[in-house]
Amino acid sequence: MGLQQRNEEDPKGSSRLGSYLRKLRNGYGYSLRGVEQRARASGGEIDNSQLSRYEKGICYPSFDKLRTLASVFNVSIQSFSDIVDLEAFEELKPADGSPTELIEMGNQAMWAGDTAQGFACYERAIEILDDGPGSKEDRLLVAEARIHQAAALRRLGKLSLAEQELRRALRNSEALDPAVRTRALLALSNIHADEGDKILAEIESERAHTMAVEAGLDEMAVMALHTLAHVLAQQNRYLEAIERSREAAELYRRMGSAFEEIRVRINIGTYYVSMGKPKEGVRLLRECLVEARAKDHRRLQAMALTNLGEAYHRIGDRLTARNCFIESNALASMHDEHYDDLLFFNAYFEWRMALEDDNQTRARIAFGRLKALRPSLERRFAEVEAFDEFVERGRSHA
């Protein structure tokens, strides 16, 4: 249920939100009354007894109260909404298993495309480890679990929460294994790229690559190359991005990581399209689509089709572009997990094509999909920004 749909002092509170608020307060070392004083200093009003009820999950804060709490704890209001959304995954937590087993279960779920189950497994592992004695081995393991959980949160579109998990994992980073630190830096780079902070994303990916090479971590080094290529492409430095991507694809091929190799090559095809060479991009994307189908990688199939749709749109072949988006939509909305980023991208180009064709009915349908999908996305890719600007211009003219 969204934040705006909750009423003040809703008798049905949220235990997950309450736990999150309590962790934030304890992390800052604030008492209940201390939060009340800081809220008042920031121009808000939070009674300490109210906060106690929120933390116990007895009732739900109003939007204004959440805005005040966000200011006190220096987090986004979106984080609170995301926390409530994650309540749906509570029932997926395994009842049994050691932290190591749970992390492996989570990894297998993520590889199978079941992000919700992966998140639930990682969270259960973290809960067990946080309740343990806190040995060095446990601290390393909980850092690893947080990094995996951040990956699940990013895939679920919960970028603020993903960044928080990574920051926790990097506390006392000098005590962490180089592989753990490198993985966390890479994840942070990806999140900052999603949020549009391209300079910071490039710095972090370069740092991660250097750290991985120095430590002899081949897998981490290739992941850093892949991330760096993505960041360079976001800055329209396509030739550099293609060069780094080719290095990464070749290394993935040698390592036997077919999924990642195909994903990188899909990106190369997309970079060619973006730099004005759509025919070369289409050829590469078609090759990747055939391979993704052969290996039954649903995410990669949907991704290749979405990018093919963009390429055909650039060429001017709207019929083929539309068919690609339709097929991608079918793959991206199968089962319980939807790929909202791809669905948004598809709807954006369907909207654009409808406007170009002066088909107002189809344009309204596509625009409605964009409005429905937009709240689930934190990623700041170009299509999201263009849509947001269009909506904001409409509001200013109203």
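- Crowding of Glu219 atom CD: a count of heavy atoms from other residues, nucleotides or ligands under 6.0 Å not exceeding 12.
- Looking at Glu204 and Arg207, no side-chain N of the basic residue comes within less than 4.0 Å of a carboxylate O on the acidic one, giving no salt bridge.
- Cation-pi check for Arg374 over Phe387 is not met; the charged atom does not lie both under 6.0 angstrom from the ring centroid and within 45 degrees of its normal.
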For side chain to side chain contact (heavy atoms under 4.5 Å, CB included), just list the numbers for Leu153 and Thr115, CA-CA rounded to whole Å, side-chain angles, deciding distance to a tenth of an Å, and then say yes or no. CA-CA 8 Å; Leu153 287 165; Thr115 307; over 6 Å; no
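- By the 4.0 Å N-to-carboxylate-O rule, Glu291 lies close enough to Arg265 to be salt-bridged with it.
- Ser19 contributes no side-chain N or O that, together with a main-chain N or O of Arg16, makes up a donor-acceptor pair within less than 3.5 Å.
- The aromatic rings of Phe345 and Phe349 lie tilted to each other, with the angle between the two planes from 30° to 60°.
- Under the 3.5 Å distance criterion, the side-chain polar atoms of Glu36 are left unmatched by any main-chain donor or acceptor of Arg33.
- In summary, of the residues considered (Arg322, Arg318, His313, Arg369), a side-chain hydrogen bond (donor to acceptor under 3.5 Å, both in side chains) with Glu350 occurs for Arg369 alone.
- The pair Glu240-Arg244 does not count as a salt bridge, with every side-chain nitrogen at least 4.0 angstrom from each carboxylate oxygen.
- Using a cutoff of 4.0 Å between basic side-chain nitrogens and carboxylate oxygens, Glu280 and Lys277 are not scored as salt-bridged.
- Between Glu327 and Arg293 there is a salt bridge, with a side-chain nitrogen of the basic residue lying less than 4.0 Å from a carboxylate oxygen of the acidic one.
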CA sep, side-chain torsions, deciding dist, call: Glu55, Leu32, side chain to side chain contact (heavy atoms under 4.5 Å, CB included): CA-CA 10 Å; Glu55 290 186 2; Leu32 291 169; 3.9 Å; yes
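- In this structure, Arg299 forms a cation-pi arrangement with Tyr339, its terminal cationic atom sitting closer than 6.0 Å to the ring centre and no more than 45° off the ring axis.
- The backbone N or O of Val75 lies less than 3.5 Å from no partner atom in the side chain of Ser79, so there is not a single donor-acceptor pair.
- Heavy atoms only, all atoms of each residue included: Leu17 and Pro61 are closest at CD2-CD, 3.9 Å.
- Heavy atoms only, all atoms of each residue included: Ala366 and Ala347 are closest at CB-O, 3.7 Å.
- Counting heavy-atom neighbours within 6.0 Å of Asn26 CG, excluding the residue itself, gives a total above 12.
- Note: Trp351 and Phe344 fail the aromatic proximity criterion, with ring centroids not under 6.0 Å apart.
- Scanning all heavy atoms of the two residues, the minimum distance from Leu300 to Ile266 falls at O-CD1, 3.7 Å.
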Begin from the C-alpha positions of Asp130 and Arg146 and carry the test salt bridge (Lys or Arg N to Asp or Glu O under 4.0 Å) through to its verdict. CA-CA 11 Å; Asp130 281 346; Arg146 289 192 186 283; 3.4 Å; yes
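- Here the shortest heavy-atom pairing between Ala233 and Tyr238 reads O-CE2, 3.6 Å.
- Under a 3.5 Å cut-off, the side chain of Arg298 and the backbone N or O of Leu331 do form a donor-acceptor pair.
- Salt-bridge annotation for Glu250 and Arg246: absent, with no side-chain N of the basic residue lying under 4.0 Å from a carboxylate O of the acidic one.
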